[in-house]
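To start, the structure itself, in C-alpha cells.
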Number of protein chains: 2
Amino acid sequence: MDIISVAIVEDNHDIRSAMELLINGSEGYACIGAFNNAENALEKIPQLLPNVVLMDFNLPGMNGIECITRLKGEYPDMQFMMLTVYEDDDKIFMALEAGASGYILKKTSPGELLDAIRDLHEGGSPMSSQIARRVVAYFQKQAKPNPALEALTSREKEILDQLSKGFLYKEIAGNLFISIETVRRHVHNIYEKLHVRSRTDAVNKYFNR
Amino acid sequence: MDIISVAIVEDNHDIRSAMELLINGSEGYACIGAFNNAENALEKIPQLLPNVVLMDFNLPGMNGIECITRLKGEYPDMQFMMLTVYEDDDKIFMALEAGASGYILKKTSPGELLDAIRDLHEGGSPMSSQIARRVVAYFQKQAKPNPALEALTSREKEILDQLSKGFLYKEIAGNLFISIETVRRHVHNIYEKLHVRSRTDAVNKYFNR
DNA sequence: AATGTCATAACACCAAAATGTTATAAAAAG
DNA sequence: CTTTTTATAACATTTTGGTGTTATGACATT
C-alpha cells in the first residue's frame with residue numbers, strides 16, 4: 001500500500017487544519033502542502049507534485065476552477081478533487097470541465113473523505129450518486145436529437161449529414177451518385193422542415209445547438 | 001419507507017430467479033415482474049408500471065438498450081438500471097444515452113444491489129467510481145476546445161463565433177460595426193489558420209468536431 | 001382510381017461566400 | 001527604430017448556395 005501525497009487548497013483555516021490533521025494522521029496518506037489561496041498553490045505545487053489535490057471552490061483572488069485548469073494543463077496526471085458545499089449543476093460541470101475527476105461535498109465524513117482520496121488516486125471518480133445523476137442527465141440531454149429531425153426522410157437525413165461534414169453540393173452529389181440539382185432539392189426541403197435559411201443553421205439544429 | 005416495485009429483464013434463468021428472490025425477500029422491495037427477453041418486457045411492463053427496471057445488456061432478440069429506449073420514451077419517470085458484466089465505454093454510453101440512470105456490474109453484492117435500487121429510486125445514479133470516471137472523462141474530452149483556435153486573435157474568435165451562429169457576412173458587419181470587406185478579410189485569415197476552406201468546416205473546428 | 005409522399009432531375013435568377021490582390025494606421029514586439 | 005501583428009478597408013472575379021417553378025416515375029395509402 002503506497003502512500004498518497006495530498007495537497008490542500010482551502011481558505012478557511014479551521015477546515016484546512018482539520019483536513020491536514022486527518023490526512024497526516026492516517027496511515028497511507030501524507031499531506032505535503034496546504035495553501036490558503038490559489039496563487040500560493042500555483043507557485044508551490046509544481047515543486048511538491050502531490051498525487052492528489054483537494055480544491056475548494058471559492059477562494060480569495062483566483063478561484064479553484066481556474067487554479068485546476070492551470071495545474072491540469074501542466075500536470076495532466078495530477079488528480080483533482082473538488083471539495084465544496086455547492087451541489088448546483090453549473091459548479092459541478094465547471095469543475096469537471098476544468099479537469100477535476102472527483103467532486104464531493106464538505107459535509108462528507110472523514111472516513112469517506114479518505115476513501116474518496118484513495119479511490120481518486122486509484123483511477124475512480126468519487127462522487128455522490130446525486131451528483132452522478134446530474135452528470136448523467138447532462139449526458140442524456142445532449143444525446144437526444146432535435147425532434148424536428150424526425151420529420152426528415154432518411155434520404156434527407158443523409159443529405160443533412162453530408163452538409164454537416166462541410167461537403168460542397170457537388171461533392172454530396174458525387175458521394176451519393178445523384179445530380180447536384182437533386183441535392184439542391186433535398187436541401188431546400190430540409191430547410192423548410194427545419195425552418196432555417198442557411199446551411200449553418202441547419203447543421204446547428206442537426207447537432208442540437 | 002415506501003415499497004419500491006421492481007421489474008427484471010434478464011435471460012439467464014438462475015440470475016433472474018436469484019434476483020427475484022432477493023428482492024421479494026427484502027423489506028421495502030417487491031419484484032412485480034421478471035422477463036427473459038425484451039419483447040415480453042415491452043408487452044407487460046406498460047401494465048405493471050414498476051418504479052425501477054433492472055435491465056440486462058445482452059438479450060436474445062432485441063437488446064436491452066433498445067428496450068430501454070422504447071420504454072423510456074413512453075414512461076420518462078420509470079428508472080432503469082443497467083446490470084451487466086461489461087465495463088467498456090461504448091456500452092456504458094449507449095446505456096446512458098438510451099435513458100438508463102444507473103449502471104452497475106452483475107458481480108455487485110446482493111446488499112449493494114438493493115442499496116443501488118433504492119438510491120436510483122430516490123433520484124441518484126448509482127454507479128461504481130470506475131464507471132463514473134469513464135463518464136467524467138468523456139465529459140472532459142468534449143469540453144476542451146481545439147488548440148488550433150488558440151492561434152486566432154480575439155477579434156477573429158469573435159468573428160468565428162458569429163459565423164457559427166449562422167449570421168451572414170453583412171449581419172456580422174452590422175453586429176460588430178465594421179465593413180463587410182473587413183469581415184471577409186478576417187474570415188479569410190481564420191480559414192488559413194484553421195486550414196479549412198468553408199464556413200461549415202470552420203464551425204466544426206470551433207465546436208471540436 | 002385517386003391521392004400523397006419520396007427521390008429524382010432540370011433551368012433560371014439572384015444572393016452570398018470564397019479567392020486574390022492591394023493598402024493603411026495603430027499597436028506590439030524585437 | 002524598424003519589423004510584425006492586428007484591425008481596418010476596397011475591388012474584381014469565380015464559385016457556391018438559396019429560391020422558385022416545374023416535372024416524372026415508384027410506392028404507399030385511402
Side-chain angles (χ1 to χ4, degrees), chain A residues 62 66 70 73-74 144-209, chain B residues 66 70 73-74 145-209:
Chain A
M62 184 188 298
E66 178 64 22
R70 299 204 186 184
E74 287 293 305
K144 74 175 62 146
N146 193 318
L149 297 181
E150 300 309 311
L152 301 181
T153 67
S154 63
R155 193 57 157 176
E156 285 165 351
K157 285 181 201 164
E158 208 172 347
I159 301 273
L160 178 53
D161 187 66
Q162 296 270 312
L163 283 178
S164 77
K165 294 185 171 118
F167 290 118
L168 303 178
Y169 283 9
K170 67 175 173 190
E171 289 172 330
I172 298 175
N175 293 342
L176 303 184
F177 307 104
I178 56 179
S179 111
I180 195 171
E181 299 302 330
T182 306
V183 176
R184 272 194 225 284
R185 181 81 286 229
H186 284 307
V187 172
H188 188 257
N189 290 337
I190 291 167
Y191 286 6
E192 276 200 336
K193 288 184 182 176
L194 299 185
H195 308 295
V196 297
R197 15 197 63 257
S198 76
R199 181 184 185 126
T200 307
D201 286 339
V203 173
N204 279 344
K205 288 221 169 184
Y206 183 57
F207 287 119
N208 206 13
R209 251 187 288 90
Chain B
E66 178 64 22
R70 299 204 186 185
E74 287 292 306
N146 193 318
L149 297 181
E150 301 309 311
L152 301 182
T153 68
S154 63
R155 192 58 156 176
E156 286 165 350
K157 284 181 201 163
E158 209 173 346
I159 301 272
L160 179 52
D161 186 67
Q162 296 270 312
L163 285 177
S164 78
K165 293 185 171 120
F167 290 118
L168 302 178
Y169 285 7
K170 65 177 172 190
E171 289 172 329
I172 297 174
N175 293 343
L176 303 184
F177 307 106
I178 55 179
S179 109
I180 194 172
E181 299 301 331
T182 307
V183 176
R184 271 194 229 287
R185 178 81 283 210
H186 285 307
V187 172
H188 180 76
N189 291 338
I190 291 167
Y191 286 8
E192 276 201 336
K193 288 184 182 176
L194 299 185
H195 308 295
V196 298
R197 25 195 70 254
S198 77
R199 181 187 185 123
T200 307
D201 285 338
V203 172
N204 279 344
K205 289 222 168 180
Y206 183 57
F207 287 119
N208 204 17
R209 276 195 312 262

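- Remark: B:Glu74 does not engage B:Arg70 in a salt bridge, criterion side-chain N to carboxylate O under 4.0 Å.
- In this structure, CZ of B:Phe177 is placed 17 Å from P of D:dA7, rounded to the nearest angstrom.
- Regarding B:Arg197, its CZ atom lies at a distance of 14 Å from the P atom of D:dG17, rounded to whole Å.
- Of all nucleotides listed (D:dA9, C:dT19, D:dA7), D:dA7 comes nearest to the side chain of B:Arg155.
- C:dA9 atom C1' lies 15 Å from atom NE2 of A:His188, rounded to whole Å.
- When the nearest nucleotides of DNA chain D are assigned to A:Lys170 and B:Ile178 by heavy-atom distance, the more 5′-ward of the two goes with B:Ile178.
- Salt-bridge annotation for A:Lys165 and A:Asp161: present, with a side-chain N of the basic residue lying under 4.0 Å from a carboxylate O of the acidic one.
- In summary, of the residues considered (A:Asn204, A:Ile159, A:Val203), a side chain to side chain contact (heavy atoms under 4.5 Å, CB included) with A:Ser164 occurs for A:Val203 alone.
- Looking only at distances, no side-chain donor or acceptor of A:Tyr206 sits under 3.5 Å from a matching main-chain atom of A:Leu163.
- The nearest heavy atom of DNA chain C to A:Leu176 and to A:Glu181 marks one nucleotide each, and the one closer to the 5' end goes with A:Leu176.
- Residue contacts for B:Arg185: at a heavy-atom cut-off of 4.0 Å it reaches a base atom on one of the strands shown.
- Listed nucleotides C:dA18, C:dA17, D:dT8 differ in distance to B:Ser198; the shortest reach to its side chain belongs to C:dA18.
- The CG-P distance, from B:Asn189 to D:dT4, rounds to 17 Å in whole Å.
- A sub-4.0 Å separation between OP1 or OP2 of C:dA18 and a side-chain N or O of B:Tyr191 is present.
- Distance NZ (A:Lys193) to C1' (C:dA7): 11 Å, rounded to an integer number of Å.
- The B:Leu168 side chain lies nearest to C:dA17 when the options are C:dT19, C:dC11, C:dA17.
- Listed candidates were C:dA17, C:dA16, D:dA10. Nearest to the side chain of B:Arg199 is C:dA17.
- Both the sub-6.0 Å distance and the 45° axial angle are satisfied by A:Arg209 relative to the ring of B:Phe207.
- Side-chain atoms of A:Glu192 never come within 3.5 Å of backbone atoms of A:Asn189 as a donor-acceptor pair (strictly under, hydrogens ignored).
- Looking at the side chain of A:His186, the nearest of the listed nucleotides D:dA10, C:dC6, C:dA7 is C:dA7.
- Across all strands shown, B:Thr182 has heavy atoms under 4.0 Å from base atoms, whether or not it also approaches the sugar-phosphate.
- Backbone-only contact: A:Thr153 has heavy atoms under 4.0 Å from sugar-phosphate atoms and none from a base.
- Between the side chain of A:Glu156 and the base of C:dC6, no donor-acceptor pair under 3.5 Å is found.
- A:Arg184 comes within contact range of at least one nucleobase, with a heavy-atom separation under 4.0 Å.
- Between A:Tyr169 and the phosphate of D:dT15, there is no side-chain N or O to OP1/OP2 separation shorter than 4.0 Å.
- Taking atom NZ of residue B:Lys157 and atom C1' of nucleotide D:dT5, one finds them 15 Å apart after rounding to whole Å.
- If you measure from atom CD1 of B:Ile190 to atom P of D:dT8, you get 12 Å, rounded to the nearest angstrom.
- The separation between A:Ile180 atom CD1 and C:dA12 atom P is 15 Å, rounded to whole Å.
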